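Right, one structure below, let's go through it.
Values in this document were obtained by computation on a predicted structure and should not be read as measured data. Both ligands and their constituent atoms are indexed starting at 1 by order of listing. Computation of the quantities below employed the complete heavy-atom set of this structure, encompassing side-chain atoms and omitting hydrogens, waters and symmetry-equivalent molecules.
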Amino acid sequence: MKTKLFSTLVCVACALFSLQLAAQPTPTADGLWLADDGEHINCHGGNIIRLSDGVYYWYGEHRVQNIPGTTEDGISLYTSTDLKTWHNEGLVLKASADTLSDIALGCIMERPKVVYNEKTGKYVMLFHLELKGKGYAAARVAFAVADNPKGPFTFLRSLRPNPGKWPADFKKADKKTAKAQNPSDYSKWWTPEWRVAIEKGMFLNRDFEGGQMSRDMTVYIDDDGTAYHIFSSEDNLTLHLAELTDDYLDYTGRYWRIAPCGQNEAPTLFKKDGTYWLITSGCTGWAPNEARMFKASKITGPWEQVACPSRGEGAKTTFGGQGTYVMSDPARPGEFIFMADIWTPKQLSHSRHLWIPIKFENGAPVLEVQK
Ligand code: DGJ
């Protein structure tokens with residue numbers, strides 16, 4: 001009897017405990033999440049980190065209000081101590097008024113991720129940058145840094161990662177094969193032969209000198225403090241996982257390809273009980289699609305694709321959302337929230353937020369939205 005009572009109390013305590021990280025704002029009737037300024041939280045494609053001051057810092061794209069289109073005027077920050085109520089801290093990085101800057105107003109700044117570097121004591125931001133007036137052609141990553149989590153962040157530079165470098169696991173023969181693939185040999189995309197050429201590194205070779213394309217992205221810090229930038233590369237066909245230097249401000253030159261020609265966007269990565277999990281989306285612009293999932297016992301792979309984690313009504317479209325980050329809290333190991341955006345392309349600033357506490361079934365992540 002005593003044992004039963006004890007285990008019931010433990011279960012209740014666990015439930016209350018896990019409810020903390022699962023807390024989220026109460027939506028309005030039309031699904032908006034209002035901050036303390038009375039406005040919808042304009043913070044998209046971003047991430048949340050909890051720092052030792054007990055505060056959650058939520059960084060994201062600040063979409064220009066009421067203007068259809070993709071332009072941002074900067075990166076927003078909202079703060080909270082309970083994940084339910086949020087304070088608008090304003091822009092921590094502003095698009096520049098200097099028309100010659102890489103981040104000139106009118107550029108596209110997507111999917112920012114901020115991480116704390118224990119060694120340097122700096123806050124480092126990486127984001128997907130598209131140069132003003134060039135649509136999505138530039139495919140660059142940008143770096144910014146701050147001394148304080150509330151910024152201001154200083155823009156450092158933008159680039160295409162790993163010029164002149166082959167993937168770390170490429171042998172001599174793989175390099176030779178990649179170099180032999182020539183885009184002009186294929187008048188049509190998506191044929192079986194073209195797919196094989198992509199898998200063999202046709203676009204990797206095409207972009208070898210200038211650096212690899214970098215669009216949708218996340219950053220993951222492993223237990224040993226090593227940071228990895230995971231991004232859609234090779235024209236959104238193949239994911240790259242690239243190791244960052246100790247200060248998180250550059251690349252070591254070591255990188256690995258994941259799911260060549262698999263067309264994955266919106267990567268989110270986390271680790272549970274020694275297994276790395278990667279949840280991605282397909283490539284359908286702003287429209288939602290079915291999430292994909294991969295697992296690995298080493299972050300550098302090999303990565304194995306496993307069943308889609310979503311369950312129940314809405315699973316085929318990830319409940320209308322597209323992932324952006326898997327939030328964890330150092331004080332609550334083993335608990336994870338899948339953060340997603342429900343994009344509203346006609347007014348991106350009002351894209352809705354969707355946070356799903358990750359359940360585990362037989363050790364594998366499961367996403368389910370409770371009605
Ligand atoms: C899907 C990406 O995941 C978004 O971040 C954004 O780049 C849109 N495509 C643009 O169509």
- Would you call G285 a ligand 1 contact, heavy-atom distance under 4.0 Å? yes
Contact region, H128 to ligand 1, non-hydrogen atoms below 4.0 Å, reads neither
Residues passing the ring-ring contact (aromatic ring centres under 6.0 Å, His included) test with Y228, sequence neighbours excluded, are none
For this session: May I ask you to check if ligand 1 and W343 share an N or O to N or O distance below 3.5 Å?
Result: no
* Does NZ or CZ of K113 fall inside the cone over Y59's six-membered ring, less than 6.0 Å from its centre and within 45° of the axis? -> no
Quick note on ligand 1: atoms under 4.0 Å from a heavy atom of E110 include exactly 4 (C), 5 (O), 6 (C), 7 (O)
- Query: Does R111 count as lying over the ring of F127, i.e. NZ or CZ under 6.0 Å from the six-ring centre, within 45 degrees of the axis?
  - Reply: no
Honestly, for R215 the part within reach of ligand 1 (heavy atoms, under 4.0 Å) is neither
- Looking at ligand 1, does any of its N/O atoms fall within less than 3.5 Å of an N/O of E61? no
Residue pairs meeting side-chain hydrogen bond (donor to acceptor under 3.5 Å, both in side chains), one or both in residues 201-213, sequence neighbours left out, come to R206-D235
* To do: Please check if any side-chain donor atom of D98 sits under 3.5 Å from a side-chain acceptor atom of S96, or the reverse.
  => no
